[in-house]
There are 2 protein chains.
Amino acid sequence: MFERVAPRVTTVDACAKAMRVAILRGDLRVGERLPAERVLAERFGVNRVTVRSALAKLSSSRLLSVRQGSGYVVRDFRREGGPDLLPGLAELAGTNGHLSRLARDLLLMRRHMARAVLERVAEEAGDTDEVRTAVDRFEEVVTRGASMAEIAEADVAILSAVLDATRSPVLGLCLNPIADVVTQMPELRDAMYRNPQENIAGWRLLVGWMETRRRDLIDTVIAELERRDEETVRLLGRGPEKQSSNER
Amino acid sequence: MFERVAPRVTTVDACAKAMRVAILRGDLRVGERLPAERVLAERFGVNRVTVRSALAKLSSSRLLSVRQGSGYVVRDFRREGGPDLLPGLAELAGTNGHLSRLARDLLLMRRHMARAVLERVAEEAGDTDEVRTAVDRFEEVVTRGASMAEIAEADVAILSAVLDATRSPVLGLCLNPIADVVTQMPELRDAMYRNPQENIAGWRLLVGWMETRRRDLIDTVIAELERRDEETVRLLGRGPEKQSSNER
DNA sequence: ATTGGTCCCATGGTCCGACCAATTTCCCCC
DNA sequence: GGGGGAAATTGGTCGGACCATGGGACCAAT
């Protein structure tokens, strides 16, 4: 209990969200030009500097392109956007089957990226100890009945330790955003940690593999991950459970 | 010839780059606090609004975290950053072996993500025609001896067509940034399209596979991709070629 | 010695108004 | 009808001001 309170939404974020959902929902077509900054500022009832910051956010998310003298135009986020758009997209998708389809593809991608990491670990592995202690900490967090947010945080920490073992920043930079997305989608997160004992077992399996680092055993670890992923997707497809989740 | 000229760097971008390289080079340690906006503005000799926009850019790249009243602190980009940092990192790495290591991991990740896409295509494929025409266009661009930038653009267009065939936006959102990174690293890009005929052959192989969509033949397509990737990395390891590249 | 309250200052967030620079629009003139 | 250039539009930068939050110093009560 008494976990971190959500930070107050700032004016910029409010404006940014309004425009973001308009784009993600398709209310604004690709190539369409947005109203001028001055117009947007007046319509939102905020200062031009404020709406400018919001527009900068969307531009950095590749939702908009901008040219001086020309204006802001809507880009094709399906072809140019990044994984950071997924939480917003999931929010719009609702809790029906759309979300489970989305989660299925996301976990598919995550699984294959994990395989890439394991291949690299198999070649040049560093400290297994770091990973092991991270797993221990994860188990400790689970057993003391911490919140879902804390469990997810400890889970990501293990992943970071594994990535450190690759001694290459590249894999981490590719995987970080996708790993982060999971923690920002409450329904998916709850489904993934529905039974944390399974997660612990999966991590223990990985640690065991890291002792040998046999390439021909990578499939075993990934297969176990796939089994859990499929169960997660199945849970999401049934819609949210009502009885549990006394604490998140 | 006569390709797109680089857009003039704006004041904001100049400030952003200065601070970005300071972080990526490690001149600023993780957790360290940046000088206040007002101080930075004075030091850069720009307005506070300008330096604020630059800071916002770095924040959206997860290089900084910010809290009102507290200030900006440097985050651990290796654990929280995204693939958009790779071009800047490659620029700092120089042309020695570091770059080839970086490319090796990047291509490894890209290959595994491609495998995920093929698995999804194998399940529910859409138009093969779109992909075929995109490949034709790629061949046309190559045969007319276009610039490297145009070739890369046509290459990414094929990828987009394949992603459309999955009928799922998720895979695209995960893969787009990584595909984009390649086009932003000149040395890597030149090495990848050193012999465009190979690229064409690879795409033709993929198109052929999409006719059957047999899961057991995915490995064939990926293996061919891996062969080319390894050659690319080998080229980068030898350092830049001097004689060719009459046009980029 | 510890706890809680109060104040002050540094810092980011927002606002206003103005001017600069790139782009587009459109009208005038040939 | 076409070309050219002025004018309007739009994003980029600037200066200064005020508000809201964070953090530390200081003090008072327990």
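In what follows, chains are A, B, ... by sequence order, proteins preceding strands, each numbered from 1.
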Check each of A:Arg33, A:Glu32, A:Glu37 against A:Tyr72 using the side-chain hydrogen bond (donor to acceptor under 3.5 Å, both in side chains) test, and report the only one that passes.
A:Glu37
On DNA chain C, compare the nucleotides closest to B:Arg33 and B:Val49; which residue's is nearer the 5' end?
B:Arg33
From the list B:Leu64, B:Asp13, B:Leu63, side chain to side chain contact (heavy atoms under 4.5 Å, CB included) partner of B:Arg20 resolves to B:Leu63
Could you tell me whether the phosphate oxygens of D:dT13, OP1 or OP2, come under 4.0 Å of any side-chain nitrogen or oxygen in B:Thr10?
yes
I'd like a table of atom pairs between the protein and nucleotides 17-19 of chain D - only N or O on both sides, under 3.5 Å - with the distance next to each one.
residue, atom, partner, partner atom, Å
D:dA17, N6, B:Arg48, NH1, 3.4

Tell me which of B:Ser53 and B:Ser70 sits closer to the 5' end of DNA chain D, going by the nucleotide each one is nearest to.
B:Ser53
Check the distance between D:dT21's C1' and B:Tyr72's OH and give it to me in whole angstrom.
14 Å
Should the heavy atoms of other residues, nucleotides or ligands under 6.0 Å from CD of B:Glu42 be counted, would the total exceed 12?
no
My understanding is that a pair needs two contacts under 3.5 Å, Watson-Crick or G-U wobble. By that rule, which nucleotide pairs with D:dT30?
C:dA1
Is the backbone of A:Val49 close enough, under 3.5 Å, to the side chain of A:Asn47 for a donor and an acceptor to pair up by distance?
yes
Do other residues, nucleotides or ligands put more than 12 heavy atoms under 6.0 Å from the CZ atom of A:Arg29?
no
For A:Val12 and A:Gly69, find the nucleotide of DNA chain C closest to each by heavy atoms; which residue's nucleotide sits nearer the 5' end?
A:Val12
Ion pair A:Arg78/B:Asp164, N-O distance below 4.0 Å
no
State whether the number of non-hydrogen atoms from other residues, nucleotides or ligands found under 6.0 Å of A:Glu130 atom CD is greater than 12.
no
At the 4.0 Å heavy-atom cut-off to chain A, mark where contacts on DNA chain C begin and end, going 5' to 3'.
C:dG13 to C:dT24
Per side-chain hydrogen bond (donor to acceptor under 3.5 Å, both in side chains), B:Arg62 is matched among A:Asp180, A:Asp84, A:Asn176 by A:Asp180
Under 4.0 Å between a side-chain N or O of A:Arg67 and OP1 or OP2 of D:dG12?
no
Might you confirm whether atom CD of B:Gln184 has over 12 heavy atoms from other residues, nucleotides or ligands at distances under 6.0 Å?
yes
A:Glu37 CD - D:dT9 C1' separation (whole Å)
12 Å
